[in-house]
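Accompanying notes for the structure given below.
Side chains included, hydrogens not; waters and symmetry mates left out as well; all remaining heavy atoms used. In the text below, chain A, chain B and the rest are named by the order of the sequence lines, each starting its count at 1.
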Amino acid sequence: MTNATTFGLDPLANRIITAIAPELGVSTADLQLERPREEKHGEFSLPCFRFSKATGKNPAQLAGDLADGFHLEGITAAAAGPFLNFKVDPALLASTVLEHARSIDFARTTSDETTVVEFSSPNIAKPMHVGHLRSTVIGAALARIYEHLGHNVVRINHLGDWGSQFGKLVAGWQRWGDASKLEADPIGHLLEIYVRYHKEEKDDESLPADAKKAFQELESGVDNETRQTWKQFTELSLREFQRTYARLGTEFDFLRGESWYEDKLQDTLDFLEAANILELDDGAWLVNLKSEGIKTPCLVKTAHGTTLYATRDLAAARSRWSEFQFDRCLYVVGSEQILHFNQLKATLKRAGESEWSDRIEHITFGLIRLTEGKLSTRSGLVLTLAEVLDRAAELAREIIAEKNPDLANAEQVAEQVAVGAIVFHDLKHQRQKDVVFDWKEVLSFEGDTGPYLQYTHARCCSILRKSEKAAPTWGEFDPALLPESRDLMVAIGRFPQAIREAAAKNEPMLIAQALLKIGQAGNSFYRNCSVLKAETPELGNARLAVMDSLRHVLAIGLGLLGVPTPKEM
RNA sequence: GCGCCCGUAGCUCAACUGGAUAGAGCACCGGACUUCUAAUCCGACGGUUGCAGGUUCGAGUCCUGCCGGGCGCGCCA
């Protein structure tokens, strides 16, 4: 449920729809305006094909008749063949958009829905690599977007801190562990052990046997030596993760690893048992999902008595439902786990929980590949997030030294630019597509990039800072003086819709694309129209309002994506 | 073998989910800094949307079949 406040181009679109809908015999809710492919056609368009049959006119004739009968102050309608196009008077356009563009509530709505977002979820004892970047950045952006739309958002970091891998790690630690190495570089040393384990397990049967035993000890719930070791690994890893989260500005409401659901595992198995869907197969317990169209059954307990990923995720889902009564629960996890989440939902459905299992949504994304090959923790081929951030920051420092050597806080700004470049680069692509990690592109600060938008924002700040007067508030300037701002007004005006669509499709890219349009139009505008040296004080005043609006909308949009907005750079 | 995803300019990506002459950035070429930050702006170049059919007023978008790439397919997560 959303409130009725409209922003940007919405009021104009609503006026047109209200005028046209009765002519077509449809309700205003059923009428949606499109944007013309070419800007010269105006701000809105309505293809008339689909109304041809009901009105008994051919589309071109219908468009023509509608245009003839259309009379709204400040908006003209013109038929272009079967298309009905609407052009808004520049003064009205600027006035409509600028009235609310600087509101702290710009493009904000209210809602009573609860949205749970699980994201990031790195594995303990392994480095956070570029593969985790996508989940972290997409999830954090979606959480902010839903929050902006008024949802009650719950952010959960589902850390991979449980499972047979810890048995392997403990078995390896007992053989090759080095306390001083662990202290100096915890994740580095644990990765070393993990890689060595996988190299040696084929030739050493005692290794997997010990690993299995260690995980059984861990799952026994007894506070034994294995558990102490696991606890130590977890704490050390978390400390390193927090450093990266701090750099990215990522926050969570709950840091709940898989282990957090440990005391709910038996209950989950009992629950499946009570639903009468558990089957014993070769010593292992599973749920058959053929009735749901899934050939691969969902394994919930191994023949040697330990739980599995699916067991813990089932427990987590049930726990979240009872705790949050969510309207939607998003899992921002790579597309390689599609089967897993289909199994999760199908199992819950078979257990009779379809009322809420349908609210679970797997937000997939393509994987990141290196030009050198596929990322693989086991083989040790990893590119850590920290390394990427460091390199970007180093490059940003060099560019600042060259372009703006007197900049105060150069170090801090370099970090902000680095984060902006990396985060934006990730979010400007459709989630679904695989991305090849290319240093040249990630470290690009020109064109369609985060730094480009940060720069635009900083320019606005600079102009506002150098102005002798504060930016005029609504009513203190004349929007009619801003015909050159047309493209920028349209770009800003479409931003609220971009946010709504980004949420509807769980696709932050739509915001990134909208911001690029705004940035391009903004750069063009202040290039052509001097603010501080405008021909008249009234003109400068009006343009100052545009600068302030541009700055504000960029700050909102970049903020939603997690791109920092330095005031100077 | 079966299932899901992706093929758009030399490269990286858009295209309002079926609408008009398929658009941006990078690269390359040309132009604009004694000028509110040139991390910028303006212009030029660049296309048989993987291939072949089908659906209809209209297809990059939907359906079928191929080709190419990726991911997944019982006791890992």
Side-chain angles (χ1 to χ4, degrees), chain A residues 32-38 41 45 47-50 52 58-59 80-83 85 121 123 160 162-165 168 258 281-286 293-304 306-310 312-313 333-340 342 364 366-367 369 374 378 396 399-400 402-404 407 417 421 425 428-430 432-436 438 440-441 444-449 451-456 458-467 494 497-498 501 505 509-510 513 516-517 520 523-524 526-534 540 543 547 568-569:
Chain A
Q32 288 230 317
L33 298 177
E34 302 186 4
R35 63 170 163 273
R37 191 174 279 284
E38 287 190 54
H41 284 132
S45 88
C48 293
F49 305 97
R50 68 175 65 90
S52 179
N58 72 54
F83 293 88
N85 295 316
S121 312
N123 293 318
W162 206 250
S164 56
Q165 54 178 327
K168 297 175 184 178
E258 294 180 58
D281 188 279
D282 219 3
W285 290 95
L286 55 77
I294 299 173
K295 288 177 184 170
T296 314
C298 183
L299 267 290
V300 293
K301 196 169 187 182
T302 67
H304 52 278
T306 48
T307 63
L308 288 150
Y309 182 48
R312 299 188 283 276
D313 241 6
V333 179
S335 55
E336 69 273 13
Q337 290 194 28
I338 285 174
L339 176 61
H340 167 72
N342 284 339
T364 60
L367 48 71
R369 294 199 314 278
K374 193 185 161 187
R378 290 187 182 186
I399 293 176
I400 288 170
E402 174 195 326
K403 293 181 185 288
N404 199 352
L407 180 65
V417 170
H425 175 262
K428 79 174 175 186
H429 305 111
Q430 281 178 30
Q432 197 63 34
K433 299 190 177 176
D434 289 352
V435 302
V436 175
D438 184 348
K440 208 173 71 194
E441 276 181 41
S444 167
F445 296 170
E446 292 172 9
D448 286 351
T449 65
Y452 169 81
L453 292 172
Q454 291 175 312
Y455 171 79
T456 310
R459 285 288 303 271
C460 292
C461 291
S462 170
I463 291 170
L464 290 160
R465 197 168 47 237
K466 288 178 179 171
S467 167
R494 296 202 205 279
Q497 192 189 350
E501 281 181 24
K505 295 173 182 169
M509 174 214 62
L510 294 169
Q513 298 292 341
L516 285 171
K517 286 262 172 30
Q520 284 158 0
N523 267 294
S524 243
Y526 61 62
R527 185 78 183 181
N528 294 331
C529 302
S530 181
V531 178
L532 302 181
K533 293 168 193 165
R543 288 174 180 173
M547 285 300 101
E568 279 182 85
M569 64 184 272

message: Starting the side chain at C-beta, find the nucleotide from B:C75, B:C76, B:U37 nearest to A:S164.
response: B:C76
field: Contact state string [nucleotides 6-11 of chain B, B base, S sugar-phosphate only, - no protein heavy atom under 4.0 Å]
entry: SS----
- request: Heavy atoms under 4.0 Å is the rule here; annotate nucleotides 22-33 of chain B 5' to 3' with B where the base is hit, S where only the sugar-phosphate is, and - elsewhere.
  value: --SSS-----B-
field: ring-ring contact (aromatic ring centres under 6.0 Å, His included) involving A:H429 - partner list, sequence neighbours excluded
entry: A:H425
message: The criterion is ring-ring contact (aromatic ring centres under 6.0 Å, His included); which residues satisfy it with A:F445, sequence neighbours excluded?
response: none
- prompt: Is there a side-chain polar atom (N or O) of A:R35 under 4.0 Å from OP1 or OP2 of B:G19?
  reply: no
- prompt: Taking the inter-plane angle between the rings of A:F83 and A:F49 on a 0 to 90° scale, is it parallel (under 30°), tilted (30 to 60°) or perpendicular (over 60°)?
  reply: perpendicular
field: Atom C1', compared across B:U17 and B:C29: separation rounded to whole Å
entry: 38 Å
message: If the condition is salt bridge (charged side-chain N to carboxylate O under 4.0 Å, His left out), which residues does A:E336 pass it with, not counting sequence neighbours?
response: none
- prompt: Syn versus anti for B:G74, judged by chi lying within 90° of 0?
  reply: syn
message: Give me syn or anti for B:U49, where syn covers glycosidic angles within 90 degrees of 0.
response: anti
Tell me: [atom1] of [X] to [atom2] of [N], nearest whole Å?
X: A:Q497; N: B:U17; atom1: CD; atom2: P; value: 9 Å
X: A:K168; N: B:C76; atom1: NZ; atom2: P; value: 7 Å
X: A:K403; N: B:A39; atom1: NZ; atom2: C1'; value: 5 Å
X: A:H304; N: B:C75; atom1: NE2; atom2: P; value: 11 Å
X: A:L510; N: B:C16; atom1: CG; atom2: P; value: 10 Å
X: A:E501; N: B:C16; atom1: CD; atom2: C1'; value: 6 Å

Not counting sequence neighbours, which residues clear side-chain hydrogen bond (donor to acceptor under 3.5 Å, both in side chains) with [X]? List them please.
X: A:R543; value: none
X: A:S462; value: none
X: A:W285; value: none
X: A:D448; value: A:Q520

query: So does A:E501 have more than 12 non-hydrogen atoms from other groups sitting under 6.0 Å from CD?
result: yes
- prompt: Base, sugar-phosphate, or nothing for A:P59, non-hydrogen atoms under 4.0 angstrom?
  reply: nothing
Stem segments of RNA chain B by first residue number [Watson-Crick or G-U, under 3.5 Å, at least 3]: B:1-7 with B:67-73, B:10-13 with B:23-26, B:29-32 with B:40-43, B:50-54 with B:62-66
message: According to side chain to side chain contact (heavy atoms under 4.5 Å, CB included), who are the partners of A:E568, at least two apart in sequence or on a separate chain?
response: A:L407, A:R465
statement: A:S444 meets the side chain to side chain contact (heavy atoms under 4.5 Å, CB included) criterion, sequence neighbours left out, with A:T449
- request: Hey, which sits more toward the 5' end of RNA chain B by its nearest nucleotide, A:M509 or A:Y452?
  value: A:M509
